[in-house]
Amino acid sequence: MVSLEINKTTLLKLIGKELTDEELIDILFNFKCEATIVGDSINCEITPDRLDLFSVEGIARAIKQFLEIEPGLQKIPIMPSTETIYVKNVKARPHIRAAIIRNMIFDEAFILDLMQIQEKLHATIGRDRKKVAIGIHDISKVQGPFTYKEVFPNEIRFMPLDMKKEMNLKEILEEHPKGKKYANLLKDFDIYPILLDAKERVLSFPPIINGELTRVSLETKDILIDVTGTDEKAVENTLNIIVSMLSFRGGIVEAVKISSDDFTKEFPSFEPKLIKIKKELPEMILGTKLNLDDIPIFLERMGYDAAIVGDSIEIFIPAYRVDVFSEMDIIEDIAIAYGYNNIIPELPKLATKGEFSKKEKISKKIRTVMIGFGAQETLNFILTNENDCYTKMHVVPENYIKIKNPVSSEFNICRTWILPSLMKILSLNKHRSYPQKIFEVSDCIVPDNTQETKARNSRKLGFVVCHETANLTEMKSYVEAFLSAFKIKYEIIKFEHPSFIPTRVGAIICNGENVGFFGEIHPKVLEKWELDKPVIAMEIDLDKIF
Amino acid sequence: MWKLTKEGEDYLINGFPEINLIKQIKEEEKLLNEIKIDNLAIALNWAKKNEWIKIENKKIILTEAGKKALKEKYKLNDALELISKTGRCPEGYLEILLNRNLIYEVKEIEKQRKFKFNFIEFIKNIFYKKQENEITQLLPKHIIHGNWKKMKFKAYDVNAPAPKIWPGKYQAYLDFLDEIKERLISMGFVEVDGPLVESTFWNCDALFMPQDHPARGLHDIFEIENNISAKLPDSSVLEKVKEEHLKNWGGTWNKDDASKLILRSQTTAVSARVLYEHGDKPGKYFCIGRNFRPDVIDAKHLIEFQQCEGIVIGENLTFKHLLGYLKDFAHAIGMKEIKFMPSYFPFTEPSVEGYVKHPKLGWMEVLPAGILRPEVLKPLGIEKCRVLAWGIGITRLAMIKLEIDDIRHLFSNDIGFLRDKEQVIM
């Protein structure tokens, strides 16, 4: 979710209609936007696909269309270009698009709004400026034509935003807060992108920082928006989103000519994308009866232009709706305009036979038998650490799955057995009354190169009993009772395991395979867990016997 | 206080050996080898000391004193009887009874220990013997001999405190998940499972998440450090997935990125695998499985949690049917009121969020769902059928149902909490 702060007065002014807080919240839900209104401030939680809603203008536009105040495609008149950007081969960020917006009225709130949309677009479609970066400039401070080219780190000096001195590009990357933050985006290059005016003055050093020279202020009226990046489509989409928003606010859009060795073309282009769908399709997908004539009206309320042409519905998609890929996206918007809650829920006639997975079915039976022993079931994390899983158990670590990016050193590996999880519980519950009997039937993760993902889920049973006179015989009774409950043929043999007292540990053999072990936990292990009563335990690999 | 030794008790029941001896001899003389009693040596010794018998030519003859003793009660026997009832020893008998090892002294300390460690035994010894017609602990002998018919039961207080015990129990959260499973199975769903260590291909690529999507980064997915990579499915699927990505997301698509091994971050990965294996034919499947995501661990977040993933595959399935399943599910967990709001997930369109109304907490968003995008289905070979899907954050529902406000309690390591948490009945 993307969180956006907008001003209610500004929003209502842009909509041109009074709405109560409740009405606003209800309408916004239709755009997947969860709003909280406190006084004059609205906090919107917006899903990351709706980039067109990342500004107060975008939200006002959607509401105006939805309420049929101004339905259908937004008209965006574009004046022919007066400025050109000459593009040289810029390897770090090959693509640049730009537009000029004239006649804007700047106040402090609007400047904050502009900063907010830049920030939100950088974080989403811009992939933290890697894919797309935006610069907004007061165009009156510079003079075209402009040049977008590459320069060496110490070839050029300028005063970046929020700095009182001129710096070269290398110094910016090393000293400026933004430079330090985004330096890694240029780490593979030794020559950097720069946008200059006719007098070689720096507008911006994309994707790092703009020049102080073109900073927008309360006196600014005309702005140049530059969008640079590594993905041409994303760069154009981003420009369209910002320009359509400023046009909605009343700015006059003027194209900018982009001229390179390959092409010369004016941007932005708001040519809508056309999608044709069969006229039955909305009903077929939604499963509810729709009046065909209503569908274009629904679509216009969602900001499209639409018409029924023969057997099809032709839909024109606004250039800023970058989330619309195919017909299913259109169907969703029809459903929203129709109202999700106007669709009567109904179960399909689709007879199938339900079934537990074999693993879960067996696990449930095992859990039931363990409960019959009077044991309390527990559920523990698979994520653990080497100290708990091996060191405290006096076991030499075996091969295990390790996490590359753990959030804490307590959870940086995947457990390969259950007993350590249960020992941890015992160690945390010394103040609870005894006897304590606990178990878990759940997964461990075992590295296994024969598997597609080089590891497998391993379902295991762990059981521990702790009281003053717990001993091998008691646990052996449980083990034998457990195995008999499932009519498993077994043999118990002498075994050695570093977590257990020598001679007081046995292995369970089924069909010649070691499937588990049980015995009295060694006092040196008890000491590690700070336990002062004997503990007896068993662990069985369930995948091996069922 | 005095008590009878085992020998003493034996004598009290079976008689003193010297008495048994003279009872056999009576008026006649008897040859020594004709006498059949236990403890003959003791009997002869004490009968001689009492001057009850004479032995002549291997014959035993009663003296006058012996004949008199036959008619009278034996004083030592009376003494034993008194001791066994009261613990007090009549004067003049103490030394002889001690010498004959028939009684022993019970010290005060031992009495206390008895009281402390064996309360029931103490009651038996003191009260039962004092008031023989009152039963405290009902014993087998009362039942076998029918003694209870002549006796009263000592009055007990049912309000007296009893020691606390706990039954063996299912873990409450797992018990809740079992209930959900049963409900889904009754609706015709087949339970499925998938690997916890997963490839990003199944976790992300097959679900139409672009390779540069922020939710694929180290902040949202745990990566495996073991320097190994996954084996990917055959290249025809890979090519089709790649094609959808390039067509819709632009940029590049890298196979190495798709074969990266991670801990599964969404159970939807299992659904993708099922669709690929199961093919283009009707079916209903669900999975309640663990997922892992890097996060802070606090009352609201865990780095390991379960999701309840369901898919319905069929021709002619519609959005109305999806809402039908959500409504049914809400009812199953006892939520009668439900409303639907538009939502967004990369792999579904249309997408919906089901809100249920909780009596105290109000509307809660708990049922995210949608129809899987053709961009997801086509590469997996599903073209004829439509697929309804949901991925419910079951931890949230469990917290509501179990009435707990700290998510960590779902994986509680507090035995007190586990013992005291009631079982779920839905």
Side-chain angles (χ1 to χ4, degrees), chain A residues 29-30 32 47 49 127 131 231 233 285-288 325-326 328-329 331-332 335-336 340-341 343 345-348 350 352-357 359-360 367 371 373-383 401-405 407 411 424-425 428-429 432 436 443 445 452-455 457, chain B residues 168-171 173-174 185-193 195-199 212 218 222-226 228 230-231 248 250-251 261 282-284 290 294 303-304 312 314 317-321 323-325 327-328 339-344 349-350 352 373-374 411 413 415-416 418-419:
Chain A
F29 255 120
N30 292 295
K32 313 170 182 185
T47 57
D49 58 323
R127 306 297 191 231
K131 205 172 180 182
D231 184 289
K233 195 170 156 190
I285 303 290
L286 299 179
T288 196
F325 292 119
S326 62
M328 290 304 263
D329 301 286
I331 305 288
E332 180 180 87
I336 290 171
Y340 275 18
N341 293 299
I343 299 170
E346 187 187 304
L347 286 176
L350 183 64
T352 52
K353 200 179 74 184
E355 204 170 27
F356 277 107
S357 77
K359 195 180 224 179
E360 292 301 328
R367 291 162 59 207
I371 281 162
F373 290 153
Q376 169 65 50
E377 184 177 28
T378 66
L379 173 67
N380 298 289
F381 295 124
I382 285 177
L383 290 172
I401 295 292
K402 192 163 189 211
I403 309 300
K404 194 188 210 167
N405 52 328
V407 287
F411 303 107
K424 184 165 198 161
I425 294 189
L428 292 170
N429 285 276
R432 302 289 179 193
Q436 295 180 357
D443 283 330
I445 301 180
E452 205 184 295
T453 60
K454 310 294 158 75
N457 307 355
Chain B
K169 270 195 290 128
Y170 293 118
Q171 203 264 17
Y173 173 45
L174 292 175
I185 286 163
S186 76
M187 286 163 78
F189 285 80
V190 174
E191 186 176 30
V192 288
D193 187 17
L196 293 163
V197 171
E198 186 53 285
S199 64
D212 66 351
L218 286 169
F222 282 121
E223 288 184 17
I224 304 301
E225 200 181 75
N226 300 43
I228 40 176
K231 185 174 168 285
N248 293 291
L261 284 173
K284 298 182 198 141
R290 296 196 199 220
I303 54 175
E304 200 176 324
V312 183
L317 289 175
T318 68
F319 193 58
K320 169 180 74 179
H321 297 137
L323 302 186
Y325 280 110
K327 189 179 164 189
D328 203 59
K339 69 175 178 184
F340 303 107
M341 291 295 175
S343 194
Y344 169 72
E349 196 78 24
V352 56
R373 298 191 75 106
F411 288 76
N413 49 28
I415 288 183
L418 293 167
R419 281 173 171 169

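As a basis for the values below, the full set of heavy atoms in this structure was taken, side chains included, without hydrogen atoms, waters or symmetry mates. Convention: sequence-line order gives letters A, B, ...; per-chain numbering from 1.
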Practice task
Please check if the distance between the ring centroids of F411(A) and F222(B) is under 6.0 Å.
Solution key: no

Fill in the blank from the handout: If one checks every heavy atom of D212(B) against chain A at 4.5 Å, the contacting part turns out to be both

Practice task
Would you mind telling me which of G250(B), P195(B), P282(B), A230(B) has the largest number of heavy-atom pairs within less than 4.5 Å of chain A?
Solution key: P195(B)

Handout entry: Proximal component of F189(B), with respect to chain A [non-hydrogen, under 4.5 Å]
Key = backbone

Handout entry: Contacting region of D231(A) [heavy-atom separation from chain B under 4.5 Å]
Key = side chain

Exercise for the section: Pick one of side chain, backbone, both or neither for D49(A), based on which atoms fall under 4.5 Å of a heavy atom in chain B. Expected result: both

Problem - chain B contact via K359(A) - side chain, backbone, both or neither, heavy atoms under 4.5 Å - result: side chain

Problem - Residue N248(B) versus chain A: region with a heavy atom under 4.5 Å - result: both

Fill in the blank from the handout: chain A shares the most heavy-atom pairs under 4.5 Å, among Y325(B), F411(B), Y173(B), with F411(B)

Fill in the blank from the handout: Most contact-rich option vs chain B, by heavy-atom pairs under 4.5 angstrom, among V407(A), I343(A), L286(A), is L286(A)

Handout entry: Smallest separation among heavy atoms of I285(A) and P350(B), with atom names
Key = CG2-CD, 4.3 Å

Problem - Residue, of A375(A), P345(A), S326(A), that accumulates the most heavy atom pairs under 4.5 Å with chain B - result: P345(A)

Practice task
Using a cut-off of under 4.5 Å on heavy-atom pairs, state which of L317(B), I185(B), D193(B), V192(B) scores highest against chain A.
Solution key: I185(B)

Exercise for the section: Can you tell which part of I228(B) gets under 4.5 Å to a heavy atom of chain A, answering side chain, backbone, both or neither? Expected result: side chain

Handout entry: Ionic contact status for R290(B) with D443(A), cut-off 4.0 Å
Key = no

Completion exercise
Looking only at N405(A), N341(A), T47(A), I425(A), most heavy-atom pairs under 4.5 Å shared with chain B are made by N405(A)

Practice task
Please state whether the side chain, the backbone, both or neither of K454(A) comes within less than 4.5 Å of a heavy atom of chain B.
Solution key: both

Exercise for the section: Identify which part of L350(A) has an atom lying under 4.5 Å from any heavy atom of chain B, answering side chain, backbone, both or neither. Expected result: both

